[in-house]
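What you see is a predicted model, and the numbers here were worked out from it, not measured in a lab. Numbers here simply count residues along the sequence, with the first being 1.
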Amino acid sequence: MFKSFSRQNNSILSSCLYPCSKEQYSVHINCGGKQVTVGSLKYDADEASGGGAKFFHHETRNWGFSSTGEFGIKNFDHYFIAENISLLKMTNSELYRTARISPLSLTYYARCLGNGNYTVKLHFAEIVMRDNRSYYSVGRRIFDVYIQEKLVMKDFNIEKEAQGVDKEVVKVFKAVVSDRALEIRFYWAGKGTSNAPRRGIYGSLISAISVESDLKGLDLQTGFFGFKQIKAATNNFDAANKLGEGGFGAVYKVFCNSIFPKLGKLLDGTTIAVKQLSSTSQQGNREFVNEIGMISALRHPNLVRLYGCCIEGNQLLLVYEYMENNSLAHSLFGQEEGLFNLDWPTRQKICTGIARGLTFMHEESTLKIVHRDIKATNILLDGDLNPKISDFGLAKLDEEDKTRIITRVAGTIGYMAPEYALWGHLTEKVDVYSFGVVALELVSGKNNIKNWPNESYVCLLDWACVLQQRGDLMELVDPMLGSEFNEEEAMRMIKVALLCTNRSPTLRPTMSAVVSMLEGRAIVRELLNANSSIYSDEVRFKSLRYVSGDSDPTSEEFV
Ligand code: ACK
């Protein structure tokens with residue numbers, strides 16, 4: 001009955017329900033009891049006493065329950081709620097002091113849920129058939145539990161599972177919500193006792209219910225958007241609105257206004273960027289969910305802001321702040337007519353901005369994060385050409401132990417530190433190396449490995465090492481700048497870049513040290529590379545293989 005109520009939007013029955021004003025991603029109910037707060041979770045009150053009929057239905061704005069069956073005794077209203085007045089010793093005892101019981105079938109349903117995967121926690125404690133000094137002990141409560149109409153527990157006996165009375169047992173299940181509704185049913189299938197120790201206390205019993213979207217577990221501080229609205233806002237993902245294609249999929253530009261209420265409400269009058277995960281993308285859902293969790297938890301002026309996401313069916317989308325000047329790669333290496341030339345103060349600002357963003361990720365935020373894919377296409381520029389780091393899809397939490405060996409190396413050829421490319425050795429120094437490559441590209445206006453005219457060098461970095469030995473480092477500076485640049489700052493940036501790309505991770509500076517050096521507050525140590533080329537071994541060989549390949553090596557994923 002509830003299904004026909006909630007799932008047929010146009011039915012007369014659906015008007016009986018409150019309309020869903022917004023989607024929710026969690027439901028917490030203290031069954032049969034008052035509203036209680038446990039940690040940061042507020043469990044709704046569920047005190048409606050009911051019965052006196054064969055069917056009882058009660059509903060709040062976004063959840064409700066129905067109970068069927070009779071206990072077969074008079075004045076049994078209060079029997080539908082069980083209460084334990086003695087002292088309960090378990091933690092969170094507030095949840096177990098009361099419970100809802102039902103002689104036949106008890107169904108809780110949550111509505112207006114965002115579709116997706118959920119974790120359902122069912123809290124039980126036997127607080128009724130509990131007096132083991134009397135004939136109460138002969139009572140046996142046995143019932144079945146269904147979630148989304150699937151039997152998840154058969155012949156469940158709380159006392160047996162909890163190994164005693166007045167003890168809690170929490171059962172955790174996964175559930176998929178595909179039509180915005182979740183149904184949990186407790187069903188007495190005739191097993192156990194019904195008249196012993198006395199009438200009116202048998203049947204199913206539930207103390208508390210907790211339903212959480214799996215995405216909520218990531219502590220999202222972001223909004224959720226509907227696929228329909230994004231589809232309308234992008235004019236059905238019209239190519240005319242396409243900003244470009246990344247490793248993750250296509251990125252679209254959207255102007256938000258009141259036509260798209262949900263997008264508009266949050267972002268009225270702003271332009272946003274929507275990233276649509278392509279089905280053929282090498283990166284998958286794992287990275288997608290990873291990215292949402294990572295960025296939403298991080299806020300810094302040099303990190304791209306994530307407004308929210310959309311997960312519906314197989315559609316996965318991210319909603320970002322729009323960056324007017326696209327990527328640094330676009331500005332530095334773009335061929336288009338009229339593309340502005342980045343002047344020196346802007347290059348200096350971009351370089352220190354990226355370093356500040358990385359310092360935050362590595363050293364200052366509560367989550368310590370290694371980005372793993374720092375490159376010019378992942379640095380976006382806002383209207384004032386401030387840099388912001390994007391594409392956290394490959395980011396991995398830098399776990400407790402500082403160094404880790406990982407089996408799945410993922411990054412971009414030309415920016416990857418040798419120890420990571422060869423042995424999967426992952427530390428924050430991997431980002432320091434990639435930053436060094438980007439700094440070198442900024443100062444020279446050249447792509448590290450693309451379009452290298454000189455056969456003697458594999459890449460820009462290779463050439464820079466040779467120039468360092470020769471003492472000709474200023475030759476690296478972008479000829480486009482002419483004489484319009486600050487020599488001292490340019491020399492500092494080159495030296496910092498070389499220090500960051502040292503083949504030994506331990507000799508690379510931390511990102512906070514890089515910021516100090518770039519700002520002239522610390523002296524840049526000059527370490528001459530022993531051999532003329534850092535790409536003289538396996539890395540060079542690997543790079544060569546990619547450079548000579550038919551695909552674009554700068555965008556090649558090395559997985
Ligand atoms: O170099 P681009 O023009 O800048 O091409 C890439 C493309 O989409 C694929 O990543 C552009 N892009 C990505 N995110 C954003 C954003 N938030 N604002 C503007 N452009 C973006 C990027």
Show the numbers, then the answer: is there a side-chain contact (heavy atoms from CB on, under 4.5 Å) between Lys275 and Leu317?
CA-CA 5 Å; Lys275 189 189 273 189; Leu317 302 121; over 6 Å; no

Just say parallel, tilted or perpendicular for the rings of Tyr252 and Phe237, cut-offs at 30° and 60°.
perpendicular

Check against side-chain contact (heavy atoms from CB on, under 4.5 Å), Ile350 and Leu381
CA-CA 8 Å; Ile350 292 172; Leu381 303 173; 3.8 Å; yes

Side-chain donor-acceptor pair present, [X], [Y], cut-off under 3.5 Å:
X      : Y      : answer
Glu489 : Trp344 : yes
Glu441 : Tyr415 : yes
Asp431 : Ser434 : no
Tyr420 : Arg372 : yes

For Thr119 and Phe173, what are the C-alpha separation, side-chain angles and deciding distance, and is it a side-chain contact (heavy atoms from CB on, under 4.5 Å)?
CA-CA 6 Å; Thr119 299; Phe173 304 95; over 6 Å; no

Minimum side-chain heavy-atom gap [X]-[Y] below 4.5 Å:
X      : Y      : value
Val524 : Leu499 : yes
Leu243 : Tyr322 : yes
Leu182 : Gln148 : yes
Ile389 : Asn378 : no
Tyr25  : Val211 : no
Val274 : Val251 : no
Asp373 : Lys375 : yes
Leu498 : Lys495 : no

Shortest non-hydrogen contact from [X] toward [Y]:
X      : Y      : value
Val496 : Met517 : CG2-CB, 3.8 Å
Gly353 : Asn302 : O-CG, 3.1 Å
Cys351 : Phe435 : O-CE1, 3.6 Å
Thr37  : Lys42  : OG1-CG, 3.9 Å
Cys500 : Gly436 : CB-CA, 3.7 Å
Pro509 : Val514 : CG-CG2, 3.7 Å

Does the [X] side chain pair with the main chain of [Y], one donor and one acceptor, at a distance under 3.5 Å?
X      : Y      : value
Lys429 : Pro505 : yes
Gln24  : Cys112 : no
His371 : Asp391 : yes
Asn448 : Gly414 : yes
Asp382 : Asn386 : yes
His362 : Ser512 : no
Asn241 : Thr234 : yes
Glu363 : Met511 : yes
Gln468 : Trp463 : no
Arg347 : Leu442 : yes

Given the rule in the salt bridge (Lys or Arg N to Asp or Glu O under 4.0 Å) test, do Arg508 and Glu428 qualify, once you have shown the distances and angles that lead to the verdict?
CA-CA 10 Å; Arg508 291 175 212 148; Glu428 69 277 7; over 6 Å; no

To the nearest 0.5 Å, tell me how far [X] [atom1] sits from [Y] [atom2].
X      : Y      : atom1 : atom2 : result
Ile272 : Met323 : CD1   : CE    : 14.5 Å
Ile147 : Tyr118 : CD1   : OH    : 14.0 Å
Leu518 : Ile354 : CG    : CD1   : 10.0 Å
Leu467 : Leu460 : CG    : CG    : 9.0 Å
Leu385 : Asn325 : CG    : CG    : 4.5 Å
Ile523 : Arg492 : CD1   : CZ    : 11.0 Å

Over 12 foreign heavy atoms within 6.0 Å of NZ, Lys349:
yes

Is it true that, when you exclude Met474 itself, more than 12 heavy atoms of the residues, nucleotides or ligands shown sit nearer than 6.0 Å to its CE?
yes

Are Glu324 and Lys253 within salt-bridge range, i.e. N to O under 4.0 Å?
no

Between Lys446 and Asp478, is there a salt bridge with N-O shorter than 4.0 Å?
no

Going through the distances and angles, do Ser26 and Glu212 end up as a side chain to side chain donor-acceptor pair (under 3.5 Å)?
CA-CA 4 Å; Ser26 63; Glu212 286 266 9; 4.7 Å; no

Step-by-step side-chain contact (heavy atoms from CB on, under 4.5 Å) determination, Leu342 to Leu328
CA-CA 10 Å; Leu342 297 174; Leu328 175 62; 3.9 Å; yes

